[in-house]
Amino acid sequence: KDVAAPAAASAPTEQGSRKLTDGWLNAAEAATSTLFRVSLTGTGAVVGDKVELLLNAAAFNPPSLLNPITLTAANITAGYVEFAITETNLGGDALKSLTAIVTDEAGNASAASVALAFTKDTFAPTAPLAPVEDGTNKLADNALTLAESATPTTFRVGLGSSGAAAGDTVELLLGGVPFTPPKAVVVTLVNVADGYVTFTVSSAEFGTDGSKSLSARVPDQAGNVGAIGAHLSFLKDTVPPTAPLAPVEPTTSKLADARLNAVAAGTATTIRVGRGTSGAILSDRVELLLGGASFAPAKRAVLTAADIANGYVEFTVLGTELGTDGAKSLTATVTDVNGTSPASGSVAFTLDTVAPAAPGAAAEQGSNKLANSLLNGPESATPTLFRVNLGTSGAAAGDTAELLLNGGAFTTPKTIVLTATNISDGFVDFSVTRAELGLDGGKSLSARVIDLAGNVGPSGGSITFTLNTAAPRLR
């Protein structure tokens, strides 16, 4: 007869893992079976006895195929038995208590061991609310500037319907990943009552300038990590822009001679400003300036994604927008949330839209071949000199005087670039050969002045005569 029950075993212990170190079994940990060891030391158990693992002081339901375990000689030698328990074996989420009993072959059962207690929690919290700026309005324009980043910024994360409880953690994320080091707040009863937690973030913690996205998630006490909530996006921009490239004329050559005449000013001119190394980014503003000041109205362009990809922005400038004739200088600046850059290099030119007036009529000089309004063969054998008085034409040194034949240019144009001497003398002389006058017939010589900008003045009065170089026929 055997009425003596085995002594109680020691409390079950986790083997080969540390899932229950924090007293919780979360979803990730429960995804694999957990090994529990029951020591036989001091129980008096022998071969043939049975060891059963109990859940909350009762048999597992459904029973495990390997529970209870009938002891073998190997078990006795090892001094323990082990049980592999799955998530299904443990049942739904709740507080769990594992104990063990030893039953001998006579059916005498030991007292239950000391319990190993833990909480099974496999449900993650849901997403919290999107972070919002708390106590300031730095990000009202969706940007964090140099001045604004001088002090830390506070963000509030509402717990919403996340199910976060005291002891859980709310983590603030940057670009969907943890900060370095992580920014986490353990939720208190006060936080639960308030419905939110707050974080303070310095400029350095946001990292380098660029687009930023703040979101949050709730890892619970068991270590289940909830979904990431909606995000708060903004641009960190703490570096003021530098000057863009100097304006250039990209598709025409109107300003190649540094002058804009009446004809060229009559059509719009495209001016391009390159980003260069200015640091200009999407939504920054580029302004084209005239003489260092804004046009009226101002010429400003907010940079688009296409502008950034192209590396430049273009402006259309009308002649009327340049104001009155005179020296002009086009520059550009970039303005971002931190202020306005220095002005770029300039494209300088002179706006000159007033053509010279007509010069005086051409007159024969140094001879009187044309006194009878005829130029015969012997007279045409030597070049004839014609003088054009500049008069009130307004011609200046560098302008061009052109002699015209019958109102048009000679076959090889006859032009003279006026010198200071010509201006002082008040006239310019042209030498014309017979060949240049062409075939016999009526001739008319006049002149005009073309200024440096290319403005062509009207032709002046004319001298007329008949070129007749053919001798009479004998009858």
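Small disclaimer: the values here were computed from a predicted structure and weren't measured.
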Original post:
Can E436 and K414 be counted as an ion pair, charged N to O under 4.0 angstrom?
Top reply: yes
**OP:** Nearest 0.5 Å please: distance from the OG1 atom of T119 over to the CG atom of L95.
**Re:** 5.0 Å
**OP:** Inspect the contact between E321 and K299 and indicate whether a charged nitrogen and a carboxylate oxygen are less than 4.0 angstrom apart.
**Re:** yes
Original post:
With sequence neighbours excluded, what pairs up with K369 under the side chain to side chain donor-acceptor pair (under 3.5 Å) test?
Top reply: T382, T384
Original post:
Could you go step by step and tell me if T270 and T252 meet the side-chain contact (heavy atoms from CB on, under 4.5 Å) rule?
Top reply: CA-CA 8 Å; T270 298; T252 53; over 6 Å; no
Subject >> Euclidean distance, S444 OG relative to N406 CG, rounded to 0.5 Å >> reply: 6.0 Å
Original post:
Hey, does the side chain of K236 reach the backbone of G207 with a donor-acceptor pair shorter than 3.5 angstrom?
Top reply: yes
Subject >> Least distance between heavy atoms, D22 atom then A222 atom >> reply: OD2-O, 4.2 Å
Original post:
Using 30° and 60° as the class limits, which term best fits the ring planes of F234 and F206: parallel, tilted or perpendicular?
Top reply: perpendicular
Original post:
Side chains of D399 and I450: closer than 4.5 Å at any heavy-atom pair?
Top reply: no
**OP:** Tell me yes or no: between the side chains of T198 and D134, is some donor less than 3.5 Å from an acceptor?
**Re:** no
**OP:** For residues K443 and L405, determine if any side-chain heavy atom of one lies less than 4.5 Å from a side-chain heavy atom of the other.
**Re:** yes
Original post:
F386 vs F465 aromatic rings, parallel, tilted or perpendicular, using cut-offs 30° and 60°?
Top reply: parallel
Original post:
Any side-chain donor paired with an acceptor under 3.5 Å for T238 and D209?
Top reply: yes
Original post:
Between the main-chain N or O of D194 and the side-chain N or O of N191, is there a donor-acceptor pair closer than 3.5 Å?
Top reply: no
**OP:** Please tell me if the side chains of R275 and I308 come closer than 4.5 Å, counting only heavy atoms from C-beta onward.
**Re:** yes
**OP:** Determine the minimum heavy-atom distance between E402 and A409, stating which atoms define it.
**Re:** OE2-CB, 3.4 Å
Original post:
Considering only heavy atoms from C-beta outward, does the side chain of V286 approach that of L303 to under 4.5 Å?
Top reply: yes
**OP:** Could you give me the CA-CA distance, side-chain angles and deciding distance for V354 and D325, then say whether side-chain contact (heavy atoms from CB on, under 4.5 Å) is met?
**Re:** CA-CA 8 Å; V354 179; D325 282 8; 3.6 Å; yes
Original post:
Minimum heavy-atom separation for F179 to L173, with atom names?
Top reply: CE1-C, 3.7 Å
Subject >> Any donor-acceptor pair under 3.5 Å from E14 side chain to K19 backbone >> reply: yes
Original post:
Should E87 and S33 be marked as a side-chain contact (heavy atoms from CB on, under 4.5 Å) after you check the CA-CA gap, both sets of side-chain angles, and the distance that decides it?
Top reply: CA-CA 7 Å; E87 178 183 5; S33 61; over 6 Å; no
Subject >> Heavy-atom donor-acceptor pair, D451 side chain to A355 backbone, under 3.5 Å >> reply: no
Subject >> Closest approach of S446 to G460 (non-hydrogen atoms, all atoms of both residues) >> reply: CB-O, 3.7 Å
Subject >> Distance in Å, Q365 CD paired with D429 CG, rounded so as to fall on 0.5 Å steps >> reply: 5.5 Å
Original post:
Any side-chain heavy atom of T169 sitting closer than 4.5 Å to one from V218?
Top reply: no
Subject >> L159 side chain reached by V170 side chain, heavy atoms, under 4.5 Å >> reply: yes
**OP:** Would you confirm whether S344, through its side chain, and A332, through its main-chain N or O, come within 3.5 Å as a donor-acceptor pair?
**Re:** yes
Original post:
Is a salt bridge present between K183 and E205, judged by a nitrogen-to-oxygen distance below 4.0 Å?
Top reply: yes
Original post:
Is any side-chain heavy atom of L144 less than 4.5 Å from a side-chain heavy atom of T153?
Top reply: yes
Subject >> Main-chain N/O of K138 paired with E133 side-chain donor or acceptor, under 3.5 Å >> reply: yes
Original post:
What are the two closest non-hydrogen atoms of V157 and P128, and how far apart are they?
Top reply: CG1-CB, 3.9 Å
**OP:** Check whether any side-chain N or O of K120 sits under 3.5 Å from a backbone N or O of G91 as a donor-acceptor pair, and report yes or no.
**Re:** yes
Original post:
When rounded to the nearest 0.5 angstrom, what distance separates OG in S283 from CG in N142?
Top reply: 9.0 Å
Original post:
Where do V334 and A280 come nearest, in terms of heavy atoms and distance?
Top reply: CG1-CB, 3.8 Å
Original post:
Without hydrogens or angle criteria, can the side chains of Q15 and T13 be said to hold a donor-acceptor pair below 3.5 Å?
Top reply: yes
**OP:** Verify side-chain contact (heavy atoms from CB on, under 4.5 Å) between L174 and K212, making sure each step is shown before the conclusion.
**Re:** CA-CA 7 Å; L174 177 63; K212 305 297 174 182; 4.2 Å; yes
Original post:
With distance as the sole test, does D425 use its side chain to make a donor-acceptor pair with the main-chain N or O of F427 at under 3.5 Å?
Top reply: no
Original post:
Under a 4.0 Å N-O cut-off, is there an ion pair linking E379 with R434?
Top reply: no
Original post:
Quick one: is the NZ or CZ of R272 closer than 6.0 Å to the six-membered ring centre of Y312, and within 45° of its axis?
Top reply: yes
Original post:
Can you check whether N89's main-chain N or O pairs, donor with acceptor, with T86's side chain at less than 3.5 Å?
Top reply: yes
**OP:** Could you name each residue pair satisfying side chain to side chain donor-acceptor pair (under 3.5 Å) that touches residues 217-231, not counting sequence neighbours?
**Re:** E171-R217, D220-N224, H231-S233
**OP:** Mark yes or no for whether T466, through its side chain, and N468, through its backbone, hold a donor-acceptor pair below 3.5 Å.
**Re:** no
Original post:
Do you see a donor-acceptor pair shorter than 3.5 Å between the side chains of T269 and E249?
Top reply: no
Subject >> Qualifying residues under side chain to side chain donor-acceptor pair (under 3.5 Å), relative to S431, sequence neighbours excluded >> reply: none
Original post:
How many angstroms lie between atom CZ of R448 and atom OG of S393, to the nearest 0.5 angstrom?
Top reply: 14.0 Å
Original post:
Any side-chain heavy atom of L235 sitting closer than 4.5 Å to one from I281?
Top reply: yes
Subject >> Spacing of OG belonging to S149 relative to CG belonging to D237, to within rounding of 0.5 Å >> reply: 9.5 Å
